[in-house]
Amino acid sequence: MRAIIQRVTKASVTVGGEQVSSIGRGICVLLGISADDTQKDAEYMVRKILNLRLFEDESGRAWAKSVMDRELEVLCVSQFTLQCILKGNKPDFHAAMPAELAQPFYNSILESMRSAYRPELITDGKFGAYMQVNIQNDGPVTVELTSPAAPTDPKQLSKLEKQQLRKEKTRSKGSSESGREKSSLRSRQDPGASSGAEGDVSSDRES
């Protein structure tokens, strides 16, 4: 999951010439959901977005307070284009979560934000609509945030899975060889020892 977070003095969303939401001072969050995102990604992003220290404190000290600390507003806008993968100069959006899955997932993120903060201070655009987003960036201050999840590029993901499988096979092979070496060493040190179960060893010794 990716987000562009901008500290703003004001921001608004217009759809078809009609303003659907607006905030004063706070943050505007452009949020892109990938096809591989899970609830863990959502929880991470909600926590980070609400706790980023982008504001000054009462004494003017910079980078000291979060939007929650200052009780400021949040405007969240779904933006699948953040998940683009360039193919030459053409953006490809196959890494983005399909709209029919992304909409309920996005709504759950909004609800999590409202539950963690004050619901009346969280607003959003209109999912899937052609929007005009007006942002008056304060600073300017812009932060890019990515959840610590697996890559969204299927080819890259497949490559990493193959690498992980090779590592596991190597570890397994190494452990097996190490076990055989230890068994061989024990046999040389104690000809009466057995590599079988304890029952087998006792039986051999009794006979």
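Numbers here are sequence positions counted from 1. Values below: all heavy atoms of this structure, side chains included; hydrogens, waters and symmetry mates excluded.
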Are [X] and [Y] side-chain neighbours, meaning at least one heavy-atom pair lies under 4.5 Å?
| X | Y | result |
| --- | --- | --- |
| Y44 | P148 | yes |
| L75 | V8 | no |
| I5 | K48 | no |
| V67 | L52 | no |
| K126 | V13 | no |
| M1 | T146 | no |

Using the side chain to side chain contact (heavy atoms under 4.5 Å, CB included) rule, take L72 and I23 through it: C-alpha gap first, then chi angles, then the decisive distance, then the call.
CA-CA 9 Å; L72 301 175; I23 62 169; over 6 Å; no
Rounded to the nearest 0.5 Å, what's the gap from [atom1] on [X] to [atom2] on [Y]? Could you check?
| X | Y | atom1 | atom2 | answer |
| --- | --- | --- | --- | --- |
| M113 | I122 | CE | CD1 | 6.0 Å |
| C84 | R2 | SG | CZ | 7.5 Å |
| K90 | I85 | NZ | CD1 | 13.5 Å |
| D138 | K10 | CG | NZ | 12.5 Å |
| S112 | I49 | OG | CD1 | 10.5 Å |
| R70 | L54 | CZ | CG | 11.5 Å |

Note: K87-D92 ion pair, threshold 4.0 Å (strictly below)
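A salt bridge links K87 with D92.
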So does R114 pair up with E111, basic N to acidic O under 4.0 Å?
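E111 and R114: salt-bridged.
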Can you name the closest pair of heavy atoms from [X] and [Y] and give their distance?
| X | Y | value |
| --- | --- | --- |
| Q83 | I33 | CG-O, 3.6 Å |
| M45 | L145 | CE-O, 3.6 Å |
| T81 | F93 | CA-CE2, 3.7 Å |
| D37 | G32 | OD2-O, 4.4 Å |
| V29 | A3 | CG1-CB, 4.2 Å |
| L50 | A116 | CD1-CB, 3.8 Å |

Is there a donor-acceptor pair under 3.5 Å between the side chain of [X] and the backbone N or O of [Y]?
| X | Y | answer |
| --- | --- | --- |
| S21 | D124 | yes |
| R7 | I27 | no |
| Y117 | V74 | no |
| D41 | T38 | yes |

Any link between [X] and [Y] through a network of hydrophobic side chains (Ile, Leu, Val, Met, Phe, Trp, Tyr) touching at under 4.5 Å?
| X | Y | value |
| --- | --- | --- |
| V143 | F55 | yes |
| L110 | L101 | yes |
| V20 | V133 | yes |

Hey, what's the ring geometry for Y106 with F127, parallel, tilted or perpendicular (30° and 60° as the breaks)?
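The rings of Y106 and F127 sit tilted, inter-plane angle from 30° to 60°.
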Please say which of E73, E71, E56 ends up in a salt bridge (Lys or Arg N to Asp or Glu O under 4.0 Å) with R25.
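Of E73, E71, E56, salt bridge (Lys or Arg N to Asp or Glu O under 4.0 Å) with R25 is met by E56 alone.
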Just wondering, are more than 12 heavy atoms of other shown residues or ligands nearer than 6.0 Å to CD in E18?
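Not buried by this count: 12 neighbours or fewer within 6.0 Å.
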Check the surroundings of atom CD in E100: do more than 12 heavy atoms from other residues, nucleotides or ligands lie under 6.0 Å from it?
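Enclosed.
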Would N137 and T142 count as a side chain to side chain contact (heavy atoms under 4.5 Å, CB included) here? Give the steps.
CA-CA 8 Å; N137 197 314; T142 301; 3.1 Å; yes
Worked verdict on T123 versus C76 for side chain to side chain contact (heavy atoms under 4.5 Å, CB included):
CA-CA 6 Å; T123 188; C76 194; over 6 Å; no
Decide yes or no on side-chain hydrogen bond (donor to acceptor under 3.5 Å, both in side chains) for D57 and S59, but give the supporting numbers first.
CA-CA 5 Å; D57 62 14; S59 62; 2.8 Å; yes
Evaluate Q19 against T14 for side-chain hydrogen bond (donor to acceptor under 3.5 Å, both in side chains), listing each step before the verdict.
CA-CA 4 Å; Q19 182 173 286; T14 301; 4.9 Å; no
Go through it in stages, so that I can follow the logic: the residues are L82 and L30, the test is side chain to side chain contact (heavy atoms under 4.5 Å, CB included), and I'd like the CA-CA distance, side-chain angles, deciding distance and then a yes or no.
CA-CA 8 Å; L82 284 173; L30 307 177; 4.3 Å; yes
